[in-house]
Amino acid sequence: MNLEIARLRLPLAAFVLELDAVLQSRVTGLFGASGAGKTSLLETIAGLRRPTAGHISLDGMVLTDVGEGIFLPPEARGIGFVPQDGALFTHLDVRGNLSFSQRVRTHPARTAPTFEHVVEVLNLGPLVARRIGSLSGGEKQRVAFGRALLAAPQLLLLDEPLASLEVELRDQIISYLRRIRDEFKIPMLLVSHNADEMVALCDEVLVLETGRCIRRGPAAELFRPSPRPHHVLAKPVERAPFA
Amino acid sequence: MNLEIARLRLPLAAFVLELDAVLQSRVTGLFGASGAGKTSLLETIAGLRRPTAGHISLDGMVLTDVGEGIFLPPEARGIGFVPQDGALFTHLDVRGNLSFSQRVRTHPARTAPTFEHVVEVLNLGPLVARRIGSLSGGEKQRVAFGRALLAAPQLLLLDEPLASLEVELRDQIISYLRRIRDEFKIPMLLVSHNADEMVALCDEVLVLETGRCIRRGPAAELFRPSPRPHHVLAKPVERAPFA
Amino acid sequence: MSPDAWQVTWFTAWVAVTSTLCILPPGLALAWLLARRNWPGKSIVETLVALPLVIPPVATGLILLKLFGRHGFIGRWLEETLGVEVVFTWKAVVLATAVMSFPLLVRTARVAFENVNPRVEHVARTLGAGPWRVFWTITLPLARSGVIAGAVLAFARALGEFGATVMVAGFIPGKTETLSLSIYHLVQLGRDGEALGLLAVSVALAFGAVWFSERMLRKAVA
Amino acid sequence: MSPDAWQVTWFTAWVAVTSTLCILPPGLALAWLLARRNWPGKSIVETLVALPLVIPPVATGLILLKLFGRHGFIGRWLEETLGVEVVFTWKAVVLATAVMSFPLLVRTARVAFENVNPRVEHVARTLGAGPWRVFWTITLPLARSGVIAGAVLAFARALGEFGATVMVAGFIPGKTETLSLSIYHLVQLGRDGEALGLLAVSVALAFGAVWFSERMLRKAVA
Amino acid sequence: FAAASLSDALKVLAAEHQKATGDPVHLNLAASSLLARQIKEGAPADLFFSADEAKMNDLAKAGLIDPASRRSLLGNRLVIVVPLDSSLKLASAADLANPAVKHLALAETATVPAGIYAKAYLEKAKAWDAVAARVVSTENVRAALAAVESGNADAGIVYKTDALISKKVKVAYEVPAAAAPHISYPVALVKGGKNPAGGAQFLARLVSPEGRAVFAKFGFTPEP
Ligand SMILES: Nc1ncnc2c1ncn2[C@@H]1O[C@H](COP(=O)(O)OP(=O)(O)OP(=O)(O)O)[C@@H](O)[C@H]1O
Ligand SMILES: Nc1ncnc2c1ncn2[C@@H]1O[C@H](COP(=O)(O)OP(=O)(O)OP(=O)(O)O)[C@@H](O)[C@H]1O
Ligand SMILES: [Mg+2]
Ligand SMILES: [Mg+2]
């Protein structure tokens with residue numbers, strides 16, 4: 001992947017998002033405090049927001065160039081986006097949401113994971129016939145994730161896709177994301193507040209603060225093991241008679 | 001606190017939520033996989049869902065009793081609820097959301113944290129005059145949290161209130177929650193996928209699986225330190241010239 | 001414009017505003033019931049509400065005349081108990097326009113109420129607001145675009161109503177004369193030029209209402 | 001019911017359905033433009049759309065007659081290029097009802113479109129759907145309750161329209177006779193019993209439309 | 001309560017009456033059939049001034065008017081009108097059977113006085129059957145006139161007073177008084193009015209020579 005972002009400017013409520021970066025890793029992490037501008041950056045790359053200045057190109061294809069008045073519409077960018085809040089289609093059931101891109105796509109698809117495959121990995125089997133309104137928070141997140149994967153994008157933008165999942169499922173999905181990265185060679189931009197996720201998945205991480213990239217480097221360099229103990233659910237063996 | 005839940009039954013899409021428990025800790029954790037029934041349980045306690053059977057009482061006051069046809073409306077329960085998706089009032093600005101309960105309350109308020117106090121701890125200062133539509137994910141979560149705190153509830157139900165916050169802010173809010181617990185003596189029910197949060201805050205934790213409580217016990221017993229290293233952002237000292 | 005025309009314009013504007021204000025409370029209540037509750041006979045009530053739209057205005061007017069007239073069920077009661085006479089007075093004009101514009105308000109407001117997310121209302125209740133307060137502080141403001149649109153439609157209809165009005169209120173110059181009645185009358189007399197002048201006044205009133213509603217919306221959002 | 005009455009009923013239902021279908025495409029397009037785009041003169045277009053509501057039906061009828069009549073601007077063009085005559089035929093009935101119900105559809109659909117969350121449309125575009133597909137697969141289904149409500153209002157209005165219709169289409173038994181015209185006529189003759197019978201038919205048609213719309217809604221949700 | 005076609009003359013007379021007596025006159029101006037309907041439903045009218053005898057007969061039958069006060073006050077004539085640019089030559093009712101007349105605009109022939117009179121005239125002239133298929137009924141005289149004005153009807157039969165108000169039609173043929181039914185505008189006091197004395201006073205003014213003069217000024221033919 002070669003995502004070039006040059007002299008980007010996007011005014012936000014309290015500050016201006018400014019970025020100049022060439023991203024070439026398979027998985028790039030975006031890290032930063034609440035309100036740092038991570039979501040806004042993803043939306044600008046996806047073509048959902050128009051910057052006031054700057055240039056964005058992906059593998060040589062110009063996506064946005066304010067100077068030359070180029071603004072490729074989102075549907076022509078081939079960029080999958082998993083928004084923070086899911087933004088599922090409430091008038092369709094889970095299956096309808098997942099297969100949406102297959103029904104509407106006009107641009108040719110890349111080799112993509114199959115419907116069955118995505119359903120299996122994301123544990124969506126029992127949900128395919130369910131209405132969106134009756135899903136739990138984590139279930140919604142997984143559906144939004146699967147929907148974007150099935151669009152066979154050239155680049156995946158993931159906005160905290162694992163935030164409301166339990167550790168087990170999260171680990172499972174992380175290993176799946178690694179396979180997507182390696183098998184399907186779909187590059188990704190991943191927003192997360194979880195340093196462990198970053199270390200497990202990202203080659204490189206950008207740290208944003210009030211709209212600027214303040215640090216950048218390989219995940220292994222930016223993050224260090226914490227001295228604070230990290231907890232997981234203990235195996236219930238010691239209290240065998242319970243439940 | 002003395003929250004009694006007896007023979008509760010709430011049919012959900014794929015299973016029935018069934019619970020029988022007396023909760024007396026200051027902070028009780030609800031832990032469990034995506035779709036286990038945690039949110040549904042909180043909504044039932046808050047009076048937003050009607051169970052088909054069972055009894056719920058808080059400190060002797062009956063909230064729900066299906067057998068006797070008692071169902072106290074949510075506004076009379078004095079139970080604060082921070083929903084997973086925020087459910088903010090988009091027609092009001094941040095200040096309007098935060099002060100909503102003060103304007104509408106008909107039941108007498110308990111001693112509650114002040115507006116200024118909540119704004120300071122949740123870092124909402126720069127946001128008070130902002131419209132909801134322009135907030136980031138984490139900002140929304142904090143506003144929903146502050147709104148519930150200012151309602152001066154007798155019991156706080158928190159549905160993953162820290163999921164999309166960075167580690168620093170999360171730590172800060174955790175210590176604030178500890179103070180609420182100790183100073184204002186507001187008991188809490190906390191849903192989270194993060195074991196560290198559970199250990200840091202909860203006296204007791206219930207583990208739910210497909211609608212049943214499969215394990216229960218003090219947080220320190222249920223969770224154990226993980227052998228897997230946990231990561232945090234390294235101090236930038238080693239690369240001083242950067243940024 | 002002649003003083004007469006001014007007087008008619010004021011009267012019309014006044015009637016349209018009054019009738020719109022009169023139907024707002026029952027209209028919004030009914031719209032809310034249709035949007036948020038399931039009850040037996042809902043489809044029937046919906047049809048009944050749409051009736052003044054479905055049947056020709058004269059027929060509506062005739063029904064109103066039979067109900068509110070001197071021999072009518074409600075008319076007699078009103079006259080005997082309150083000494084109020086409705087038919088052929090300005091009250092009849094307001095009545096006719098109110099009845100004719102009622103369905104427009106109800107339908108549009110109903111759509112708006114349906115689109116308010118019940119979760120948000122639920123959360124408002126956990127914050128201590130009773131159902132009534134939730135309606136005023138949450139549901140109504142969130143549905144405002146639809147409610148305002150419905151009110152504008154009702155107002156516009158009130159300006160243009162003719163058939164039912166002339167039946168229950170007659171065309172009594174200086175007493176029940178609205179712009180719409182005058183225009184009809186002038187057209188009948190072949191005085192198209194004058195009719196056009198009054199038409200322009202009607203349109204200006206409607207434009208004022210649309211403009212006002214847009215402003216209200218923008219203020220509510222900002 | 002007499003064979004005549006049946007014929008009038010069919011004709012009326014057919015006219016109402018046709019005129020509703022005719023105004024759906026332009027009505028929805030305009031509603032969308034009003035809901036989703038800002039352009040100069042928006043308030044003016046809004047007022048223009050509301051006009052048939054604001055001015056008395058006869059006046060609307062007269063304007064249509066002048067436009068579509070043999071000497072009229074559009075009428076002449078239609079006759080010369082397509083050899084189509086509109087006035088005093090069934091086409092005039094459809095035209096009049098369509099014009100009169102247009103504002104109801106546009107306003108209601110507009111509210112519904114405004115309530116669709118643009119974020120959801122945005123996400124649909126990142127999934128490969130162009131603006132046109134997004135409209136069909138996302139916006140319209142999410143706005144369906146309002147669109148259906150608007151169509152039902154338009155249909156009801158089409159059933160009840162009288163003033164404009166009689167002006168451009170005349171009252172030609174067996175050719176331009178609708179239920180509404182018949183009812184008016186019978187009321188004038190004082191044959192209230194027969195008028196009531198036809199009224200019941202009108203109401204039944206309206207009830208059918210309401211019932212059908214509820215079914216469509218429920219199916220779409222399930 | 002008075003037929004709409006009388007409104008201009010009546011407004012003048014009402015103003016004079018108020019100046020002379022100080023009593024305001026409330027006019028309710030609408031189609032005669034509608035007014036008759038309203039009176040039947042108990043409308044508080046003192047005086048009914050109809051555009052045709054039939055409506056007045058209806059009310060008389062129902063016992064709603066004071067028969068002693070009934071007078072036929074005004075007369076009118078039927079005319080056949082054609083669009084201003086029409087080359088049609090019409091010299092009798094039979095000429096309406098000319099195929100060049102594709103649409104003949106009449107006011108509704110069952111309820112509206114002008115339509116009833118026109119139909120009676122055509123029947124009397126034995127022309128009805130020939131033209132019946134081409135008749136376009138309109139809601140009232142004004143609509144018939146509008147149809148002719150706009151050129152959609154090739155001819156129409158309306159009152160002479162109406163024909164005078166339109167500048168876009170011309171009178172092709174004036175129906176002779178003898179060939180058509182007698183057209184008259186009857187006026188009578190309504191029983192159960194709120195102010196019978198005032199009604200009678202105004203009626204007196206209408207029938208007075210000054211009253212007749214006003215009607216004549218507006219194109220009506222006052223009857224003896
Ligand atoms: N539509 C908008 N208009 C103006 N300002 C906005 C808009 N959306 C977000 N902002 C502001 O821009 C800043 C960055 O928002 P953004 O959503 O990109 O943050 P984020 O890094 O994704 O945060 P989080 O981790 O909380 O989701 C925030 O201060 C936010 O309030
Ligand atoms: N309104 C509803 N009607 C029927 N079933 C529902 C409804 N809401 C949720 N469910 C189902 O009930 C189960 C529990 O949902 P709930 O939202 O309580 O899960 P949760 O434990 O909060 O999960 P998460 O951590 O993903 O938020 C899920 O399988 C969900 O699909
Ligand atoms: Mg974000
Ligand atoms: Mg949940």
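All figures in this text were calculated on a predicted structure; none of them were measured in a lab. Letters A, B, ... mirror the listed sequences (proteins, then strands); counts begin at 1.
Annotation for C/W10: atom CH2 does not count as buried by contact number, only 12 or fewer foreign heavy atoms lying within 6.0 Å. The number of heavy-atom neighbours closer than 6.0 Å to CH2 of C/W14, taken from other residues, nucleotides and ligands shown, is above 12. Around CD of B/E120, the count of heavy atoms belonging to other residues, nucleotides or ligands within 6.0 Å does not exceed 12. In the displayed structure, B/R178 atom CZ is contacted under 6.0 Å by more than 12 heavy atoms of other residues, nucleotides or ligands.
Using a 4.5 Å heavy-atom cut-off against chain B, the contacting residues of residues 114-126 of chain C are C/R119, C/V120, C/H122, C/V123, C/A124, C/R125, C/T126. The interface of residues 44-64 of chain B with chain C, defined by heavy-atom distances below 4.5 Å, comprises B/A46, B/L48.
Put simply, the side chain of B/H91 gets close to the backbone of C/T137: a donor and an acceptor are under 3.5 Å apart.
Partners of C/R157 according to the salt bridge (charged side-chain N to carboxylate O under 4.0 Å, His left out) rule, which considers only residues two or more places apart in sequence or in another chain, do not exist here. Not counting sequence neighbours, the partners of C/E177 by the side-chain contact (heavy atoms from CB on, under 4.5 Å) test are C/V8, C/F171, C/P173, C/S182.
Nearest heavy-atom pair, C/P131 versus B/E75, reported as atom, atom and distance to 0.1 Å: CD-OE2, 3.1 Å.
Neither the backbone nor the side chain of B/L157 comes within less than 4.5 Å of any heavy atom of chain C.
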- request: Go through C/I138 and B/F100 one step at a time and tell me if the side chain to side chain contact (heavy atoms under 4.5 Å, CB included) criterion holds.
  value: CA-CA 10 Å; C/I138 304 291; B/F100 181 80; 3.6 Å; yes
